[in-house]
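As structure tokens, the structure follows; a few thoughts come after it.
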Amino acid sequence: MTSEPAVRCTGLRYRFGRTAAVDGVELSIEPGTVFGLLGPNGAGKTTTIRMISTLLPVPTGAVEVFGVDVNLRKLAVRRLIGYVPQQLSADSALSGWENVALFARLFDVPRAQRRSAVEAALRAVGLEEVAGRTASTYSGGLIRRLELAQALVSAPRLLVLDEPTVGLDPVARAGVWEHIERMRAATGMTVLITTHYMEEADRRCDRVAFMHRGRVRSEGPPRDLCAAVGPEATLEDAFRAVTGGTLAGDAGEGMRQVRAARRDARHG
Ligand SMILES: Nc1ncnc2c1ncn2[C@@H]1O[C@H](COP(=O)(O)OP(=O)(O)OP(=O)(O)O)[C@@H](O)[C@H]1O
């Protein structure tokens with residue numbers, strides 16, 4: 001066993017033209033934990049996790065996933081990661097089974113193991129019974145679970161989720177979390193998540209980092225971050241105390257966009 005962090009970011013920066021989207025992020029995530037990256041729209045969360053997931057190059061600074069440098073060994077890192085993006089990744093014209101099988105091929109699951117890997121991933125998120133139906137017939141919660149199955153099919157050591165529960169009703173959100181937690185308990189995988197839902201982050205994350213204007217401003221167990229502010233403080237209070245900003249930002253707009261995207265993909 002190694003004692004390397006699941007993720008280590010050092011001096012991480014990324015610019016879109018004149019915008020410093022990520023502006024010197026330092027982060028270390030312990031293996032086997034659920035880690036939440038919190039911040040308002042535009043804080044730099046998605047850009048950070050896209051660099052961690054090898055979907056953007058690292059222009060300045062360094063990222064290692066289980067000790068493997070993402071710039072130097074991109075393919076090796078991809079084999080360690082399952083990624084669920086904010087925008088839809090399921091194909092509405094394919095069945096649940098076909099969607100997961102497609103990811104098994106994309107992520108190099110050996111041919112002889114594909115059928116059992118697809119079955120195991122569908123079972124892990126409770127989709128066996130609807131796996132034969134096209135994804136266009138799925139509810140928002142079922143689609144999110146299908147996307148989880150896609151990310152889980154290659155048995156990743158690190159699962160990266162960008163707003164996995166946005167736009168879902170509370171029951172569907174709890175369902176997604178139950179599957180994530182069950183998988184983590186079964187496999188010991190590390191989970192890195194971005195979310196706007198403070199109550200979710202408080203309950204489900206072992207540690208959270210407050211991200212604001214491209215930087216991590218504070219990091220620790222939710223309870224400690226709240227306690228540092230006051231006995232009754234919420235994570236939202238703690239975020240405000242540390243950054244001077246609010247976590248809500250224009251989150252409502254983001255949720256509306258994701259909901260609309262999910263509707264379009266279902267009916268498109
Ligand atoms: N492709 C792009 N081109 C130009 N600017 C971008 C691009 N993607 C992100 N940005 C800018 O970089 C900054 C950080 O964006 P990022 O998407 O990483 O934030 P975020 O915290 O993930 O927000 P959200 O929750 O809305 O996804 C923002 O100012 C955003 O406008």
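Please read these numbers as outputs of a predicted model, since none were measured by experiment. Both counts, for ligands and for their atoms, begin at 1 and track the order of listing.
Remark: ligand 1 atoms within the under-4.0 Å shell around heavy atoms of Thr19 are 29 (O). Of all atoms in ligand 1, listed by their number and element, those nearer than 4.0 Å to a heavy atom of Ala43 are 19 (O), 20 (P), 21 (O). The Thr47 neighbourhood of ligand 1 comprises atoms 15 (O), 16 (P), 18 (O), with distances under 4.0 Å to a heavy atom of that residue.
Distances between N or O atoms of Glu163 and those of ligand 1 include no value under 3.5 Å. Looking at Ala21 next to ligand 1, no N or O pair under 3.5 Å apart turns up. Ligand 1 has no nitrogen or oxygen under 3.5 angstrom from a nitrogen or oxygen of Thr48. The distance criterion of under 3.5 Å between nitrogen or oxygen atoms is met by Thr46 with respect to ligand 1.
Taking 4.5 Å as the limit, some side-chain heavy atom of Cys226 sits within range of a side-chain heavy atom of Leu235. Two residues are said to be in side-chain contact when any heavy atoms from C-beta on lie closer than 4.5 Å; Arg204 and Ile180 fail this criterion.
Partner Pro222 forms a side chain to side chain contact (heavy atoms under 4.5 Å, CB included) with one of Asp206, Leu38, Val208 and no other, that one being Val208.
A salt bridge does not link Glu128 to Arg123: none of the charged side-chain nitrogens sits closer than 4.0 Å to a carboxylate oxygen. Between Arg184 and Glu181, no side-chain nitrogen of the basic residue sits less than 4.0 Å from a carboxylate oxygen of the acidic one, so the salt-bridge criterion is not met. In this structure, Arg79 pairs ionically with Asp108, as a charged nitrogen and a carboxylate oxygen lie closer than 4.0 Å.
For atom 31 (O) of ligand 1, the nearest protein heavy atom is 4.0 Å or more away.
Heavy atoms of Gly39 come nearer than 4.0 angstrom to ligand 1 in no pair at all. Ligand 1 has at least one atom lying under 4.0 Å from a heavy atom of Pro40. Using a 4.0 Å heavy-atom cutoff, Gln86 is listed among the residues neighbouring ligand 1.
Put simply, CD1 on Ile52 and CG on Leu192 are 5.5 Å apart, with the number rounded to the nearest 0.5 Å.
In this structure, the side chain of Asn99 engages the main chain of Asp91 through a donor-acceptor pair within 3.5 Å.
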